[in-house]
Peer 1: 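Encoded as structure tokens, here's the structure I'll be asking about.
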Amino acid sequence: MAGTRYRPHEIEPKWQRYWQAKGVYRTETGSDRPKYYVLEMLPYPSGVLHMGHVRNYTIGDALARYKRMCGFRVLHPMGWDSFGLPAENAAIKHGQDPRDWTRSNIAEMKRQLRSFGFSYDWDCELSSCEPEYYRWNQWFFLRMWERGLAYRKKAAVNWCPACATVLANEQVVDGCCWRHEGTAVEQQERDQWFFKTTAYADELLNALEDLSDGWPDRVLTMQRNWIGRSTGTEVDFTVEGDGDAIRVFTTRVDTIFGATCLILAPLHPLVDRFGFGDRGQAMATAAATKSPDDLEKEGFFTGRYAVNPYSGRKVPIWVGNFVVMTYGTGAIMAVPAHDQRDFEFCSKHGIDIVPVIRPSDGALARPDDMEEAFCRYGIVEDSGEFSGMDSAAAIARMSDHAEATGFGNAAVTFRLRDWGVSRQRYWGTPIPMVHCQECGVVPVPDADLPVLLPTNVSLTGTGESPLREVHDFVQVDCPECGRPAERESDTMDTFVDSSWYFYRYTDARNSLAPFDSATASKWFPIDQYIGGVEHAVLHLIYCRFFSKVMRDLGLIDWDEPVQRLFTQGMVIRDGRKMSKNLGNVVSPEELLDKYGSDTARMFSLFAAPPDRDLDWQDESVEGMWRFLSRVNRLVARHADTGAEASAQPTLPADRAALRKLHQTIDRVTADFESRWHFNTSIASIMELTNELYARENALSNGVIQECLRGLVRLLGPFAPHLTEELWHALSGTGPLLDASWPKYDADLARDDNVQVVVQINGKLRDRLTVPKGLPKDQLSELARQTDRISTLLAGKTVHRVIEIPDRLVNFVAR
RNA sequence: GCUGGAGUGGCGGAAUUGGCAGACGCACUGGACUCAAAAUCCAGCGCCCUUCACUGGGCAUGAGGGUUCGACUCCCUCCUCCAGCACCA
């Protein structure tokens with residue numbers, strides 16, 4: 001029975017118990033209803049739900065409920081990204097076991113999620129720190145190893161002193177750690193495991209085009225930039241004296257006759273060979289700790305020369321701090337006349353400037369007059385047989401020439417690097433590899449998976465993997481020769497865990513495989529993925545890479561896992577992102593205690609369109625509480641009347657109420673189907689509520705029942721507890737999710753009369769109420785006859801009449 | 001520097017296709033109810049001018065220009081803010 005007071009703290013737990021007892025959110029399988037997979041990014045179990053989570057899950061939950069009511073079978077799962085540093089740091093700080101800490105956080109967060117009433121099917125819950133899950137990380141690692149997609153190499157890697165571990169390139173932000181703003185990332189040489197993401201660089205880039213319908217432009221652009229494909233030419237310069245070649249990559253081979261020196265990256269192997277290894281190291285370290293803006297271009301001459309294969313010109317070999325080892329070939333040709341950075345470097349160090357490109361409408365610059373490089377395309381000069389060509393033609397011909405002569409070729413370079421997955425930390429998936437003196441690097445056989453993460457490890461946070469000290473773990477027999485060997489002690493980046501988890505949801509208890517392909521194919525691709533934009537180039541590239549690998553392993557037969565992606569905005573308060581550090585957080589728990597979850601959900605959807613940042617204002621939450629109370633009171637007054645719902649108008653006001661109802665159905669449905677501007681959906685439901693309040697006593701019983709049932713169902717995806725309560729009171733049945741989404745009736749929604757605006761010379765002068773659909777000439781005739789218009793038009797000549805039926809008449813008059 | 005997004009009342013925001021700018025909500029003001037308060041209900045609420053009042057008029061969507069009968073919306077120039085990328089050769 002609906003009470004007259006809105007009491008969320010009574011009804012919310014009641015209906016949560018009811019949903020759980022009835023198994024309302026269990027995923028429906030084996031029906032022929034169309035599928036819909038709605039997924040929210042899984043949280044790290046920090047133990048505290050914050051407003052960002054609530055916003056994310058409220059959007060997903062509204063969509064899941066809407067689709068359910070529209071007749072889809074919906075997969076709406078939730079899990080835990082439960083490996084990672086905070087657990088380990090808590091262990092170091094408070095001496096707590098990471099496993100216990102994580103599990104109790106999960107229990108707490110799950111309780112919070114349940115108290116919000118999100119419609120998750122907890123039967124597919126997964127937690128990445130459990131062996132049942134992470135054994136499949138290891139399984140994927142072995143498959144990638146077999147295909148050469150997982151490999152080990154010594155490399156300069158990003159080292160965060162605060163995390164005491166290595167970071168992937170994607171985890172370095174402005175030269176600092178993504179978790180430790182202000183902690184500069186250092187470069188260290190280490191043996192590391194990598195996943196060969198670059199093997200799919202072209203495909204990852206090209207497939208972005210297919211995603212353009214369902215993914216935000218912002219994310220597509222970010223990924224495009226991150227992959228950073230650029231086309232150019234690779235050219236060998238021969239080192240004088242020892243016949244070695246230095247290969248450079250350039251996008252402007254047309255300028256190569258103007259190359260006046262070569263510049264090597266400080267960590268280029270030749271720098272060491274020339275005897276400047278230490279100096280190069282020092283330079284690399286100094287450069288890595290500064291942002292590009294503050295870095296003066298510095299360098300030194302190696303005393304060696306190389307020969308330009310096109311011109312035969314002998315050029316000095318320098319080392320420069322602005323040349324990056326990890327891009328292109330780690331060496332560049334400097335063309336100071338046509339590249340601004342080279343210009344600055346060469347001017348500073350007294351290296352020749354030789355212009356070879358002139359503007360198509362001008363003359364070749366004189367080196368002494370140049371104040372900056374001329375970087376645009378133009379006409380090639382002083383370049384032997386290529387002189388006189390325009391840049392584009394020269395680039396093509398010169399690349400061909402390099403290839404024909406054998407000193408180079410056209411080439412494509414990517415900014416994307418292979419994904420470094422080694423972490424020198426405890427709380428992650430053990431890498432399933434063994435190092436044997438005899439056999440080298442040997443994979444752990446499938447039959448021996450999972451390689452269990454040992455317990456009772458002493459955690460110090462010193463920088464070496466804590467697992468190195470666990471002798472039972474490290475000392476193993478070589479799987480190949482049986483002799484004593486050492487287990488790999490690095491663990492995997494936790495982004496490995498989240499790269500494929502959404503497949504596991506479809507078959508979460510499978511102990512024979514990561515998932516069953518046939519089962520997954522019943523749900524994939526993910527119809528709608530929802531999460532924060534901060535994962536645009538981390539998770540969202542890694543998971544695309546994983547899907548491509550899985551496809552090549554024959555596990556799936558599609559290319560992309562996520563059909564549509566939605567990135568929600570941040571929650572802001574006092575102009576800043578809500579964060580514990582800034583002390584401006586609103587805890588969802590507080591909100592729950594004060595208003596209940598429906599109010600919190602409604603507000604987080606109403607305050608801003610979901611893709612924009614949400615400005616949190618405490619007073620506005622109060623307004624949402626008032627609205628729900630209003631709905632509750634309205635429905636309570638008409639529940640239990642025994643009246644049947646009827647869409648037949650009998651009283652004069654009935655027609656208007658039904659019209660408003662169907663106009664609202666139209667708007668809310670449209671918002672779900674296209675724009676996702678739930679703030680306007682809720683606004684229109686408020687309008688409907690206001691209208692019903694205003695007409696309440698003038699409506700027939702049948703029509704008011706009809707309108708209320710419509711109202712409650714429209715509100716259902718946003719405020720599930722209150723509407724469940726009201727739906728039971730109105731209809732005597734439930735759950736509301738089994739009720740169908742209200743059907744829009746265009747006839748009922750149609751206005752009989754419309755207000756038409758009358759303008760003179762584009763200025764609003766009068767309004768007119770006319771029957772809808774009134775033809776053009778009749779409309780302007782009526783408009784002309786009104787008192788105001790006829791007065792204003794008197795003595796003027798009407799040159800033109802613009803008529804938009806049902807909207808406006810504009811007299812152009814003088 | 002490059003790329004993407006945004007700029008509308010005191011505030012969050014609306015205007016879906018070039019057609020009434022400010023829906024809906026917050027805050028505020030006034031009224032009703034009440035012994036009183038809370039809650040609730042009703043009304044008002046961009047700026048300026050005009051009128052005792054009814055009213056009437058002008059201005060206004062970051063700035064300036066353009067296209068159009070008509071521009072928050074399209075085009076050009078510029079400013080500010082947010083985000084991402086960046087000696088990427």
Side-chain angles (χ1 to χ4, degrees), chain A residues 5 173-174 216-226 228-230 232-233 248-252 255 263 265 287 290-293 295-297 320-324 326-335 338-342 344-345 413-415 533-534 536-537 569-570 572 575 602-603 606-609 611-624 626-627 629-630 633 667 670-671 674-675 677 679-687 689-690 693-694 755-767 788 799-804 806-813:
Chain A
R5 291 244 354 230
V173 179
D174 291 335
D217 286 344
R218 186 159 59 139
V219 174
L220 295 174
T221 312
M222 283 163 76
Q223 292 213 355
R224 225 167 257 137
N225 290 342
W226 190 260
R229 183 181 200 271
S230 90
T233 314
V248 301
F249 173 76
T250 176
T251 54
R252 290 296 302 275
T255 65
I263 309 176
K290 283 198 177 166
S291 89
D293 283 338
L295 191 66
E296 268 298 296
K297 285 186 180 49
N321 62 350
F322 65 101
V323 180
V324 194
T326 50
Y327 183 77
T329 61
I332 62 163
M333 61 173 199
V335 184
H338 303 297
D339 181 288
Q340 187 57 28
R341 293 157 311 195
D342 298 347
E344 287 165 25
F345 184 83
T413 296
F414 291 93
R415 211 192 76 101
V533 74
E534 64 272 18
V537 290
M570 289 187 299
I572 303 280
M602 290 283 288
F603 179 73
F606 181 68
D611 52 345
R612 263 206 253 172
D613 286 348
L614 184 159
D615 195 353
W616 189 271
Q617 287 178 330
D618 292 329
E619 314 82 52
S620 302
V621 182
E622 196 87 29
M624 196 47 76
R626 281 203 286 266
F627 169 66
S629 304
R630 232 164 110 80
R633 273 195 306 278
R667 289 175 64 181
D671 276 337
S674 59
R675 326 191 288 169
H677 280 195
N679 53 330
T680 60
S681 312
I682 292 171
S684 69
I685 295 172
M686 287 174 165
E687 283 186 53
T689 307
N690 292 344
Y693 254 84
Q755 207 173 58
V756 168
V757 173
V758 187
Q759 298 178 334
I760 296 174
N761 297 330
K763 298 249 183 227
L764 174 66
R765 284 295 178 262
D766 203 0
R767 294 167 217 269
R788 272 185 60 71
H799 296 281
R800 210 175 141 189
V801 183
I802 313 284
E803 290 163 284
I804 313 291
D806 298 339
R807 278 194 186 266
L808 120 167
V809 180
N810 184 14
F811 295 101
V812 185

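Just so we're on the same page: letters track the sequence lines, and every chain starts at 1. Here the structure is a predicted model, which means the values were calculated and not measured. These numbers come from the heavy atoms of this one structure, side chains and all, not from hydrogens, waters or symmetry mates.
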Peer 1: What's the closest nucleotide to the side chain of Pro609(A) if the choices are rC87(B), rG13(B), rG4(B)?
Peer 2: rG13(B)

Peer 1: Base, sugar-phosphate, or nothing: which does Lys297(A) touch, judged by heavy atoms less than 4.0 Å apart?
Peer 2: base

Peer 1: When only distance counts, do a donor and an acceptor, one from the side chain of Asn225(A) and one from the base of rC85(B), lie under 3.5 Å apart?
Peer 2: no

Peer 1: Specify the separation, in whole Å, of atom CZ of Phe627(A) and atom P of rC41(B).
Peer 2: 12 Å

Peer 1: Whole angstrom is fine here: how far is it from CZ in Arg788(A) over to C1' in rU55(B)?
Peer 2: 10 Å

Peer 1: By the rule that syn is within 90° of 0, classify the base conformation of rG9(B) as syn or anti.
Peer 2: syn

Peer 1: How long is the line joining CD1 of Ile332(A) and C1' of rA89(B), in whole Å?
Peer 2: 6 Å

Peer 1: Take Ile332(A) and Tyr327(A) through the side-chain contact (heavy atoms from CB on, under 4.5 Å) test and state the conclusion after the steps.
Peer 2: CA-CA 10 Å; Ile332(A) 62 163; Tyr327(A) 183 77; over 6 Å; no

Peer 1: In whole Å, I'd like the distance from the CE atom of Met570(A) to the P atom of rC82(B).
Peer 2: 11 Å

Peer 1: For rG7(B) and rG64(B), measure between their C1' atoms and round to the nearest Å.
Peer 2: 16 Å

Peer 1: Would you mind telling me which residue lines up with the more 5' stretch of RNA chain B, Asp613(A) or Ala694(A), judged by nearest nucleotide?
Peer 2: Asp613(A)

Peer 1: Only counting residues at least two apart or in another chain, list the ones meeting side chain to side chain contact (heavy atoms under 4.5 Å, CB included) with Arg675(A).
Peer 2: Asp671(A), His677(A), Thr680(A)

Peer 1: Side chain of Ile802(A), heavy atoms from C-beta onward: which of rG19(B), rC41(B), rC24(B) has the nearest atom to it?
Peer 2: rG19(B)

Peer 1: Could you please name the option among rG19(B), rC69(B), rC85(B) that lies closest to any side-chain atom of Trp226(A)?
Peer 2: rC85(B)

Peer 1: Among rG58(B), rG56(B), rC41(B), which nucleotide sits nearest the side chain of Arg765(A)?
Peer 2: rG58(B)

Peer 1: How far, in whole Å, is rC72(B) from rG13(B) if one measures between their C1' atoms?
Peer 2: 14 Å

Peer 1: Which nucleotide sits closest to the side chain of Tyr327(A): rG4(B), rA89(B), rC85(B)?
Peer 2: rA89(B)

Peer 1: Can you tell me how far P of rG19(B) sits from CG of Asp766(A), to the nearest Å?
Peer 2: 21 Å

Peer 1: If we take the C1' atom in both rU67(B) and rU55(B), what is their distance in whole Å?
Peer 2: 37 Å

Peer 1: By the 4.0 Å heavy-atom rule, please label Arg415(A) as base, sugar-phosphate, or nothing.
Peer 2: base

Peer 1: Apply side chain to side chain contact (heavy atoms under 4.5 Å, CB included) to Asp618(A) and list each qualifying residue two or more places apart in sequence or on a separate chain.
Peer 2: Arg573(A), Val586(A), Trp616(A)

Peer 1: Mind running side-chain contact (heavy atoms from CB on, under 4.5 Å) on Arg667(A) and Ile685(A) for me, showing each step along the way?
Peer 2: CA-CA 9 Å; Arg667(A) 289 175 64 181; Ile685(A) 295 172; over 6 Å; no

Peer 1: Once you apply a heavy-atom cut-off of 4.0 Å, does Val812(A) come out as touching a base, just sugar-phosphate, or nothing?
Peer 2: sugar-phosphate

Peer 1: Output the single nucleotide from rA21(B), rA89(B), rG84(B) whose closest atom is nearest the side chain of Leu764(A).
Peer 2: rA21(B)

Peer 1: Expressed as a whole number of angstroms, how long is the span from Gln223(A):CD to rC2(B):P?
Peer 2: 23 Å

Peer 1: What stems show up for RNA chain B when you take Watson-Crick pairs (N1-N3 plus N6-O4 or O6-N4) and G-U wobbles (N1-O2, O6-N3), both under 3.5 Å, and require three or more consecutive pairs?
Peer 2: B:1-7 with B:79-85, B:10-12 with B:24-26, B:28-32 with B:40-44, B:46-49 with B:56-59, B:62-66 with B:74-78

Peer 1: Students often get this wrong, so: under 4.0 angstrom with heavy atoms, is Val323(A) touching a base, only sugar-phosphate, or nothing?
Peer 2: base

Peer 1: Round to the nearest Å and state the distance from Ile572(A) atom CD1 to rC11(B) atom P.
Peer 2: 17 Å

Peer 1: Would you please name every residue forming a side-chain hydrogen bond (donor to acceptor under 3.5 Å, both in side chains) with Asn225(A), sequence neighbours left out?
Peer 2: none

Peer 1: Between C1' on rC81(B) and CZ on Arg612(A), what's the gap in Å once rounded to a whole number?
Peer 2: 13 Å

Peer 1: Can you tell which of rA89(B), rA14(B), rG12(B) lies closest to the side chain of Asp615(A)?
Peer 2: rG12(B)

Peer 1: May I ask you to establish whether Arg341(A) and Phe322(A) are in a cation-pi arrangement, using a distance under 6.0 Å from NZ or CZ to the six-membered ring centre and at most 45° from the ring axis?
Peer 2: no

Peer 1: Mind checking what makes side chain to side chain contact (heavy atoms under 4.5 Å, CB included) contact with Glu803(A), not counting sequence neighbours?
Peer 2: Lys776(A), Leu779(A), Ser780(A), Val801(A), Val809(A)

Peer 1: Touch check for Asp217(A), heavy atoms < 4.0 angstrom, all strands: base, sugar-phosphate only, or nothing?
Peer 2: nothing

Peer 1: Determine the Euclidean distance between corresponding C1' atoms of rA14(B) and rA63(B); express it in Å to zero decimal places.
Peer 2: 24 Å

Peer 1: Taking N or O atoms only and anything under 3.5 Å, show me the protein contacts with nucleotides 25-31 of chain B, one pair per line.
Peer 2:
unit_1	atom_1	unit_2	atom_2	d
rG25(B)	OP1	Asn690(A)	ND2	3.3
rC26(B)	OP1	Arg626(A)	NE	3.2
rC26(B)	OP1	Arg626(A)	NH2	2.8
rA27(B)	OP2	Arg626(A)	NH2	3.0

Peer 1: C1' atom, rA53(B) versus rA39(B): distance in rounded Å?
Peer 2: 36 Å

Peer 1: Check whether Asp613(A) reaches the backbone of Gly569(A) with its side chain - one donor and one acceptor, N or O, closer than 3.5 Å.
Peer 2: no

Peer 1: Quantified in whole Å, what is the C1' atom distance between nucleotide rG22(B) and nucleotide rC11(B)?
Peer 2: 13 Å

Peer 1: With rounding to whole Å, what would you report as the distance between rG58(B) and rG70(B) at their P atoms?
Peer 2: 16 Å

Peer 1: Taking only the C1' atom of each, what is the distance from rG9(B) to rC45(B) in whole angstrom?
Peer 2: 10 Å

Peer 1: If you look at every heavy atom in Gly328(A) and Phe249(A), which pair is closest and at what distance?
Peer 2: CA-CB, 4.3 Å

Peer 1: Measuring to OP1 and OP2 of rA89(B), would you say a side-chain N or O of Ser230(A) lies under 4.0 angstrom away?
Peer 2: yes

Peer 1: Between Gln759(A) and Ile802(A), is any pair of side-chain heavy atoms under 4.5 Å apart?
Peer 2: no

Peer 1: Check for a donor-acceptor pair, side chain of Arg765(A) on one end and backbone N or O of Arg788(A) on the other, with a separation under 3.5 Å.
Peer 2: no

Peer 1: I want to verify a distance call: between rG12(B), rA23(B), rC41(B), whose nearest atom is closest to the Tyr693(A) side chain?
Peer 2: rC41(B)

Peer 1: If you assign Thr221(A) and Gly762(A) each to the RNA chain B nucleotide with the nearest heavy atom, which residue ends up on the more 5' nucleotide?
Peer 2: Thr221(A)

Peer 1: Is a donor on one side and an acceptor on the other found under 3.5 Å between the side chain of Asn321(A) and the backbone of Glu296(A)?
Peer 2: yes

Peer 1: Using the rule given for side-chain contact (heavy atoms from CB on, under 4.5 Å), can you reason through Thr250(A) versus Met333(A), listing the C-alpha separation, both sets of side-chain angles and the distance that settles it, and then say yes or no?
Peer 2: CA-CA 8 Å; Thr250(A) 176; Met333(A) 61 173 199; 3.6 Å; yes

Peer 1: Return no unless some side-chain N or O of Asn679(A) is found under 4.0 Å from OP1 or OP2 of rA14(B).
Peer 2: yes

Peer 1: Using a cut-off of strictly less than 4.0 Å, decide whether Arg675(A) has a side-chain nitrogen or oxygen near OP1 or OP2 of rA15(B).
Peer 2: yes

Peer 1: Counting side-chain heavy atoms from C-beta on, which of rA83(B), rA14(B), rU40(B) comes nearest to Arg633(A)?
Peer 2: rU40(B)

